[in-house]
Amino acid sequence: NLGQQALLRYHNIYQREDLESAVQRFECARCDCPLTHRCRAAVLVNVAKAKFISYQADPTSADLDEVILLYREALSLRSPGHPDRPATLLLLARTLLFRYEKQGCDESVADEINELVSKSQNFSEDSHERRAADLVLETLERYRIVKSGSLSELDGLVHKLEHSAKVPPDGYFDIPQRLINLSTTLWRRYEKRGELDDLNYSLDINQQALQMLPARDPGRLAGLRTLGAALWRLFELRRDLSYLRELIALDEEALQLIPEGHPERPYWVTSEFLYFQFCRCRHEHIAQIIRVIVLKCWNTLATQPSKPENMTKQLHSTLRLSRCYGHPPHDSDPSGSSVGKRKDICTFV
């Protein structure tokens, strides 16, 4: 009960101390619970839930493999026919889905997710559990298609996710995730097709999702990433500094959600530096600022080689902007060309 109370407090105000207290209380219950006790599975599920929430908030604070093992052990204690077995199957599937996204899209993991969800099909059609199971499969499909899908697959997924986000009425617990799925898919289609309608639609849907999530909910990070990418693209297209000011505020919010040591923190720190410098610098200093940003990204890649995706994207975005922004010629360059300057940046990378 003390663990559940601490977890409830965490979901109300998102204080890290409450989450740590919940994990500690549930761990004590696990140590005190005999292996053959009838409540052993419930105890394991409580520990796994708290540690999974902790991992979502800060991947350095818990071991995702341990969470998966805890759910597997609980599942082994809830044999077919047990009333709580379908819910345990779903919890394990959701955890594996998180691994699928964060640790590489391993298709064997995707196959297991599909198998687990198919075994939990005895939920009633209008239940929260049925919707949660459908959301797992939708999110898995979104990961696959956004990563390697064709334009026709993206079109089909957008249509499917639009319907998913509309029913049932607003207010259901999973609407923000459904909107984030739709926004991310629209952003990916914009990247492939380049239609501004998709970019604007993605922005609108993303902002709706963020408005539904509590200000300190770590689940906001996924929406903030997509929103940041869209705003940066708008700045590239329109060179309007108001987008940079929005990006700075967005980065400050993200940094409040992720502690020191979080694998995504260097990305957000470097992004904030980038946006702030572009806001305050003179036009002729753009090339120098870009070089500093590239160096910061490069240093991050060197110190965190296992997590290159965000920094690599940031390098590409910065260099793309250096090509499209255009630099005024130096007095010593009678041709007025800035090609050499851009070539120097690209050669450095």
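Counting begins at 1 with the first residue of the sequence. Please read these numbers as outputs of a predicted model, since none were measured by experiment.
- Here the side chains of Tyr190 and Ser202 are not in contact, with every heavy-atom distance at 4.5 Å or above.
- Tyr14 and Val23 are not part of a single hydrophobic cluster, where members link through side-chain heavy atoms under 4.5 Å apart.
- When atom types are taken as modelled, the side chain of Arg220 and the backbone of Leu213 share a donor-acceptor pair closer than 3.5 angstrom.
- Between Arg144 and Glu153 there is no side-chain heavy-atom pair separated by less than 4.5 Å.
- In this structure, the separation between NZ on Lys119 and CG on Asn114 is 12.0 Å, given to the nearest 0.5 Å.
- The CD1 atom of Ile205 lies 11.0 Å from the OG1 atom of Thr184; values are rounded to the nearest 0.5 Å.
- Residues His262 and Thr60 fail the side-chain proximity criterion, which asks for heavy atoms closer than 4.5 Å.
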Let me see the working for Leu221 and Ile258 under side-chain contact (heavy atoms from CB on, under 4.5 Å), right down to the final yes or no. CA-CA 9 Å; Leu221 276 177; Ile258 48 180; 3.3 Å; yes

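- Hydrophobic clustering (side-chain heavy atoms under 4.5 Å, transitive across Ile, Leu, Val, Met, Phe, Trp, Tyr) groups Val45 together with Ile68.
- Side-chain contact between Arg233 and Trp187 is present, with at least one heavy-atom pair separated by less than 4.5 Å.
- In this pair, Phe235 and Trp232 present their aromatic rings tilted. The plane angle is within the 30 to 60° band.
- For the atom pair Ile180 CD1 and Leu227 CG, the distance stands at 10.5 Å (nearest 0.5 Å).
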Decide yes or no on side-chain contact (heavy atoms from CB on, under 4.5 Å) for Val43 and Phe26, but give the supporting numbers first. CA-CA 7 Å; Val43 170; Phe26 289 140; over 6 Å; no

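- Put simply, OG on Ser242 and CG on Leu231 are 9.0 Å apart, with the number rounded to the nearest 0.5 Å.
- By the 4.5 Å heavy-atom criterion applied to side chains, Val136 and Ile113 are counted as neighbours.
- Residues Leu19 and Leu2 are members of separate hydrophobic clusters, defined by side-chain heavy-atom contacts under 4.5 angstrom among Ile, Leu, Val, Met, Phe, Trp and Tyr.
- Leu250 and Leu199 end up in the same hydrophobic cluster when Ile, Leu, Val, Met, Phe, Trp and Tyr side chains are linked at under 4.5 Å.
- With 3.5 Å as the limit, one finds a donor-acceptor pair spanning the side chains of Asn46 and Gln4.
- Ion pair Asp58/Arg265 not flagged as a salt bridge, since none of the NZ, NE, NH1 or NH2 atoms sits closer than 4.0 Å to an Asp/Glu carboxylate oxygen.
- At distances below 3.5 Å, at least one donor-acceptor pair connects side-chain atoms of Arg188 with backbone N or O atoms of Val146.
- Minimum heavy-atom separation, Lys147 to Cys105: CD-SG, 3.4 Å.
- Side-chain contact of Tyr10 with Glu17: a donor-acceptor pair under 3.5 Å is absent, judged by distance alone.
- With sequence neighbours excluded, the residues forming a side chain to side chain contact (heavy atoms under 4.5 Å, CB included) with Val158 are Glu162, Leu182, Thr185, Leu186, Arg189, listed by chain and number.
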Test side-chain contact (heavy atoms from CB on, under 4.5 Å) on Leu70 and Arg30 and set out the steps. CA-CA 11 Å; Leu70 287 167; Arg30 178 169 66 147; 3.1 Å; yes

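- Residues Leu237 and Leu196 form a side-chain contact, since some pair of their non-hydrogen atoms from C-beta on lies under 4.5 Å apart.
- Glu66 and Arg72 are not joined by a salt bridge, as no carboxylate oxygen comes within less than 4.0 angstrom of a charged side-chain nitrogen.
- Considering only heavy atoms from C-beta on, Pro86 stays 4.5 Å or farther from Glu129 through its side chain.
- With values rounded to the nearest 0.5 angstrom, Arg178 atom CZ is found 4.5 Å from Leu135 atom CG.
- If you chain together hydrophobic residues whose side chains sit under 4.5 Å apart, Leu179 and Tyr201 fall into the same group.
- Residues Gln5 and Asn1 bring no donor and acceptor atom of their side chains to less than 3.5 Å of each other.
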List the atom pairs, with distances to 0.1 Å, where a side-chain N or O of residues 89-99 and a protein N or O form a donor-acceptor pair under 3.5 Å, not counting sequence neighbours.
unit_1, atom_1, unit_2, atom_2, d
Thr95, OG1, Leu91, O, 2.9
Arg99, NH2, Asp65, OD1, 2.1

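- With respect to the salt-bridge test (charged N to carboxylate O, under 4.0 angstrom), the residues Glu138 and Arg142 do not qualify.
- Under a 3.5 Å cut-off, the side chain of Ser118 and the backbone N or O of Glu115 do form a donor-acceptor pair.
- Ser61 places a side-chain N or O within donor-acceptor distance of the main-chain N or O of Ser54, the cut-off being under 3.5 Å.
- Within the 4.5 Å cutoff, no side-chain heavy atoms of His159 are placed close to those of Asp155.
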